[in-house]
There are 2 protein chains.
Amino acid sequence: MISNIAELIADRIGAMPAGERRAAQTLIANYPMIGLKTVAEFSSAAGVSSPTILRFVARLGFQNYPEFQSGLQDELAAQLQSPAIRTLNPPSPNGGTVSPMLEATLDNMRETFRHLSDRQLADIATRLAERRGKTFLIGGRFTDPLARYMAAHLAVIQPDVFHLAGQESMWRDRLIDMGKRDVLVIFDIRRYQGSLLRFAEKAHQRGVQIVLFTDQWLSPIARFARHVIAGRTAVPSAWDSSAALFVVAETLIGAVTRQLEADGARRIREMEGLR
Amino acid sequence: MISNIAELIADRIGAMPAGERRAAQTLIANYPMIGLKTVAEFSSAAGVSSPTILRFVARLGFQNYPEFQSGLQDELAAQLQSPAIRTLNPPSPNGGTVSPMLEATLDNMRETFRHLSDRQLADIATRLAERRGKTFLIGGRFTDPLARYMAAHLAVIQPDVFHLAGQESMWRDRLIDMGKRDVLVIFDIRRYQGSLLRFAEKAHQRGVQIVLFTDQWLSPIARFARHVIAGRTAVPSAWDSSAALFVVAETLIGAVTRQLEADGARRIREMEGLR
DNA sequence: GGAGCGCTGTATCGTATGTTACGTATTTTG
DNA sequence: CAAAATACGTAACATACGATACAGCGCTCC
């Protein structure tokens, strides 16, 4: 049973020609506000012509555009009446494949942050922001993108940020550059990689401060780490989820940025100028 | 400070003549929906004439009726963006520095999935799983790690998965390998990169099916995309958040894996054997 | 490689909508 | 109580909006 227009679109979008599909996608993206504006605004937002918009609403079963808008307004009105039933999509009508995954992920994040004190996060942020030395980031097979993501952001707001990529032998050589004043951020979740462990140990021996992002079972690298962030990774999937760690990373990026704001803002402006 | 139109009305309703006061009262009674309808409907609902409605909105300081409607729409849009959770749930017990960021991120994810139908996700997963051709992934400056993350997983369960890295000229050369049977997954959020747009256009011309991960404002690449996933990115930080898109990516990875389970399981076992 | 079909945009049209002018009613004030 | 000022509705107007006809283009299927 299809109750609202969003579902109706999702149901039929597969059978739509390219132009109308673009209309559908822009409507979904900012649902339902675009649909309440004029045909001209809708069409230009979607990058198609007005007739395409009209054909789109006609395909949805509406006689004309005003009738379509009335439909959207009725939905909105019903929604505003009962704020409790705020869900546009009925609360997971299809015991579908999506919801359990999302639910588990949200739980993971709440759990992760529950075990993570503001204090700890602030300490790490401060350590990264004070920039007494260099910052290196590295990750495992599936978590290396997280290291890259964090490096990409940090590199904008401060110098001396390096992502360690490529072969094991490559980064081992970088050990020479590392010392007491430097920070090494490592991402390592199951199955923990021996190569990372060996690397972490050597860095530790050189006095490098290690910040470890790992899962709740703790990578063996925790033994050498100054700071350990343990994220929940369990989801109903064949794979572990790094989403919670990703959010922690973003939070940390935000915190560091805030601390460097005076400095960073100038840097960012300068960089904008270079574009 | 008066922030929304409802307050504005409450502030000035005392100084209004009878007819306009009736207009004000009917608007507040079913706020704001009546205001989004036509002047004629509004006037008859209030039991006054059209000009009275127009004088009413003029007294509120609007130049004309459409401008008044835009004001209401903007309010609604702002309301819908930050859903009820914030008003329902107490504003986060520990008012620490962490919570606002986490809260916003969780909201973003809920909001993103609310606009994302299971159907659409399933369609994309099927397209990726049927493997008629090759799968290419690429991302922008900050989103490329997401492309890498997804590529790293997909590459385990099926052959012919390629992440496009490095310089623009590098991937442009790969266009030769791409055709109708292939899929190109692009991550592009603000500020949208011209290089990606050009690449997407050329790929589209070659008949490549494009799956686009973007933000709610839709990258211009949406024009060429077969499937568009619009994630929320707004967080209280200097940076945009890619966390919602990350979770969608993980969900998609999970869905593809499930579809390929028969095949994939064998592959995974084989790969384990190679370690 | 050619014929047919379907999709999309341009240009035009009719109309519903917001706007304004004016006359009447109602209230206010001296 | 009278006169003026304000408020309100009717009716005519102009504009901008949605609707439609048509032609060009690309795609698919013989």
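Bear in mind the structure is a predicted one, so any value in this text is a computation, not a measurement.
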Return the value, rounded to whole Å, for the distance between atom [atom1] of [X] and atom [atom2] of [N].
X: B:Leu54; N: C:dT20; atom1: CG; atom2: P; answer: 8 Å
X: A:Gln69; N: C:dA16; atom1: CD; atom2: P; answer: 15 Å
X: B:Phe68; N: C:dT17; atom1: CZ; atom2: P; answer: 17 Å
X: B:Glu20; N: D:dG9; atom1: CD; atom2: P; answer: 10 Å
X: A:Glu67; N: D:dA19; atom1: CD; atom2: C1'; answer: 14 Å
X: B:Ile53; N: C:dG18; atom1: CD1; atom2: P; answer: 11 Å
X: A:Arg55; N: C:dG9; atom1: CZ; atom2: C1'; answer: 8 Å
X: A:Tyr65; N: C:dG14; atom1: OH; atom2: C1'; answer: 19 Å

| Would a 4.5 Å heavy-atom cut-off, applied to side chains only, mark A:Glu250 and B:Phe246 as touching? |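 Counting from C-beta outward, A:Glu250 and B:Phe246 never come under 4.5 Å.
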| Non-hydrogen side-chain atoms of B:Thr214 and B:Ile221 separated by less than 4.5 Å |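 B:Thr214 does not reach B:Ile221 side chain to side chain.
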| Upstream residue (5' side of DNA chain D) when A:Gln63 and B:Lys180 are each assigned their closest nucleotide |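 The residue whose closest nucleotide sits nearer the 5' end is A:Gln63.
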| task | Take B:Glu201 and B:Arg198, measure what salt bridge (charged side-chain N to carboxylate O under 4.0 Å, His left out) needs, and give me the verdict at the end. | result | CA-CA 5 Å; B:Glu201 181 170 11; B:Arg198 287 190 294 274; over 6 Å; no
| query | Just how large is the angle between the end axes of the helix from C:dG1-D:dC30 to C:dG30-D:dC1, five pairs per end, to 10 degrees? | reply |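 That helix gives 30° between its end axes.
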| said: Check B:Arg190 with B:Asp240, please: is the shortest side-chain N to carboxylate O separation under 4.0 Å? | reply: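 Between B:Arg190 and B:Asp240 there is a salt bridge, with a charged N closer than 4.0 Å to a carboxylate O.
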| request: Could you tell me whether the side chains of B:Gln216 and B:Thr233 share a donor-acceptor contact shorter than 3.5 Å? | output: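 No pair is found: no donor N or O on one side chain lies under 3.5 Å from an acceptor on the other.
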| query | Any chance the side chains of B:Arg223 and B:His204 put a donor and an acceptor closer than 3.5 Å? | reply |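 No - no donor-acceptor pair under 3.5 Å links their side chains.
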| What are the residues of residues 37-52 of chain B, sorted by number, that bring a heavy atom to within less than 4.0 Å of DNA chain C? |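 B:Thr38, B:Val39, B:Ala40, B:Pro51 - these, ordered by number, are the residues of the stretch whose heavy atoms sit under 4.0 Å from the strand.
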| message | Walk me through whether B:Arg148 and B:Asp144 qualify under salt bridge (charged side-chain N to carboxylate O under 4.0 Å, His left out). | response | CA-CA 6 Å; B:Arg148 284 179 186 270; B:Asp144 192 57; 3.5 Å; yes
| Can you tell me how far CZ of B:Phe62 sits from CD of B:Glu67, rounded to the nearest 0.5 angstrom? |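 Taking CD in B:Glu67 and CZ in B:Phe62, the distance rounds to 6.5 Å.
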| task | Assess the pair B:Phe142 and B:Trp239: is the distance between their ring centroids shorter than 6.0 Å? | result |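 Ring centres of B:Trp239 and B:Phe142 closer than 6.0 Å.
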